[in-house]
Amino acid sequence: MLLLWFAVVEFLGNVPLLQKLPSSSLRKIAEVVVLKRYGKGDFVVREDQTWDGCYFILEGEAQVCEPAEEENRSEFLLKQYDYFGHGISGHVHSADIVAMTELACLVLPRDHCRLLQTNSIWQSDTAVEKCSLVERILQLDPLELNIFRGITLPDAPKFGKVFGGQFVGQALAAASKTVDFLKIVHSLHSYFLLVGDIDIPIIYQVHRIRDGNNFATRRVDAVQKGNIIFMLFASFQKEQPGFDHQESTMPSVPDPDTLLSLEELRERRITDPHLPRSYRNKVAAANFVPWPIEIRFCDPNNSTNQTTSPPRLRYWFRAKGTLSDDQALHRCVVAFASDLIFAGVSLNPHRRKGLRSAALSLDHAMWFHRPLRADDWLLFVTVSPTAHETRGFVTGEMFNRKGELVVSLTQECLLREARPPKPSVTSKL
Ligand SMILES: CCCCCC/C=C\CCCCCCCC(=O)SCCNC(=O)CCNC(=O)[C@H](O)C(C)(C)COP(=O)(O)OP(=O)(O)OC[C@H]1O[C@@H](n2cnc3c(N)ncnc32)[C@H](O)[C@@H]1OP(=O)(O)O
């Protein structure tokens, strides 16, 4: 039977052991696995044989029969997507494995079993500590089938609570690891249900809603202390040739290399005599932790968080450092970055001296139209068409340097004027 490479990739994408691997390792595994077939009753491996590789059951069932003299001798069935053999763990088991039906296995030869080892979900060759900060933020520990753990790194952006973009990026990373690498996210919809605690891990539980020929759908629940604090739906699709048009045009803006970085802008603001002293002092006193995303605002802007400005903003952004070459990672990074300066645009016309306010992301949706690189400049053009009562609405378009529309986004956010803190109750005694 000729097994197409695409079918092998799809199959491997459903093997639980492999969901922790970077797509580059899975690509190599798909190239070197060998198909082996067995008739009913055939021995796949005898207890005294050494394993010649790692076996993945493609079709049929096999029985594991532990040696007769072993105490608590057990027999159990292995079925599609189960695996056994060399390279899975440090332990050596001796057991007969017998085909109970016609059986087909994909075998990863022993010489290639090192492909099963990895310390990062995004790449196998580089130690996690050497990766860029945003790639480390989007690093997850696979705990169980469909369950991942993410943490808030000390140097990650956080605003007294888990940053919304961290939820979107990490949840999308978890969903992506449960889909074969030929299917790439094309849309996501998410809700921020409760504020996240930066001091404890976040558990991401992925629900495999549907796997079709071309599309796959996932739901991810982010959990802390037993509560679902964030939910994401994501849809993935295989690349398919089709129609192409673009009505949106990239606005004419200065080249990012001619614009000030956030760090330079901050320095300018601290020393700019045209800005109110109170604002300059506030900027200087604020604890400035550099973000893992570089930002360059396109338009000269002297407005502050104490003055009104139009509900629109245009800026270039890119990940700091070089990212692993995995399109799934690049989309997670863009998802992460997209929540940094988005909701706040709907507050711009309402800012005034003395206003203490906050914009809190309520939901976030994205459509990825074309392949992109998050470590090259992308232009984010944002506008807030409306705000009413306590909710602001923002939309955005992202273009690459060639002017191609790569992502469209929408978000609704909670805009609240901060209430003065309640007076503390003091004892009258
Ligand atoms: C040089 C220039 C550089 C500029 C660079 C830009 C600089 C900074 C950019 C920073 C960008 C940061 C962007 C960050 C975006 C985010 O990450 S937001 C985080 C993600 N979103 C969330 O975490 C939201 C999670 N969801 C919720 O918390 C809840 O769902 C909800 C609060 C939205 C709704 O829950 P509900 O229970 O219905 O809430 P309420 O009862 O309405 O309110 C909750 C508590 O708030 C109190 N409250 C109500 N009104 C006010 C008010 N006006 N002021 C203060 N507090 C208020 C309310 O009493 C409740 O308190 P208690 O729970 O009763 O104590």
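Just follow the structure's listing: the first ligand is 1, and inside any ligand the first atom is 1. For this chain, numbers begin at 1 and follow the sequence in order. Computed over heavy atoms, backbone and side chain alike; hydrogens, waters and symmetry mates excluded.
A ring-centre distance under 6.0 Å is not found for F56 and F84.
Assignment of E417 to the shell around ligand 1 is supported, since a heavy atom sits closer than 4.0 Å.
The proximity of F342 to ligand 1, defined as any non-hydrogen pair under 4.0 Å, does not occur for either the backbone or the side chain. Contact annotation: for L194 versus ligand 1, heavy atoms closer than 4.0 Å belong to the backbone alone. Under 4.0 angstrom from ligand 1, the non-hydrogen atoms of L193 all belong to its backbone.
Using a 4.0 Å cut-off between charged side-chain N and carboxylate O, E264 and R266 make no salt bridge. A salt bridge links R401 with D376; the closest basic N to acidic carboxylate O contact falls under 4.0 Å. Using a 4.0 Å cut-off between charged nitrogen and carboxylate oxygen, K20 and E144 do not count as a salt-bridge pair.
Within the listing of ligand 1, atoms 54 (N) sit less than 4.0 angstrom from a heavy atom of A418. Near F163, meaning under 4.0 Å from one of its heavy atoms, ligand 1 places the atoms 17 (O). Per-residue contacts place L362 under 4.0 angstrom from the following atoms of ligand 1 (heavy atoms of the residue considered): 33 (C). The atoms of ligand 1 that sit less than 4.0 Å from any heavy atom of V195 are 23 (O), 25 (C), 28 (O). For ligand 1, the atoms lying closer than 4.0 Å to a non-hydrogen atom of D339 are 13 (C), 15 (C), 16 (C), 17 (O).
Remark: R218 is not positioned above the aromatic ring of F233, lacking an NZ or CZ atom under 6.0 angstrom from the ring centre and at most 45 degrees off the axis.
A donor-acceptor contact shorter than 3.5 Å links the side chain of Q246 to the backbone of L405.
The structure places CD of E417 at 9.5 Å from CZ of R356, a figure rounded to the nearest 0.5 Å. Distance check, rounded to the nearest 0.5 Å: CD of Q170 to CD1 of I151 gives 8.5 Å.
Any N or O atom pair closer than 3.5 Å counts here, and R416 shares at least one such pair with ligand 1. Looking at ligand 1, you won't find any N or O of F297 less than 3.5 Å from one of its N or O atoms. Between V162 and ligand 1, not a single N/O pair is under 3.5 Å apart. Below 3.5 Å of separation, one finds an N or O of S361 facing an N or O of ligand 1.
Paired with L21 under the rule side-chain contact (heavy atoms from CB on, under 4.5 Å), one option of L116, L115, L12 passes, and it is L116.
Residue nearest to atom 7 (C) of ligand 1, selected from F159, W291, Y315: W291 (by heavy-atom distance).
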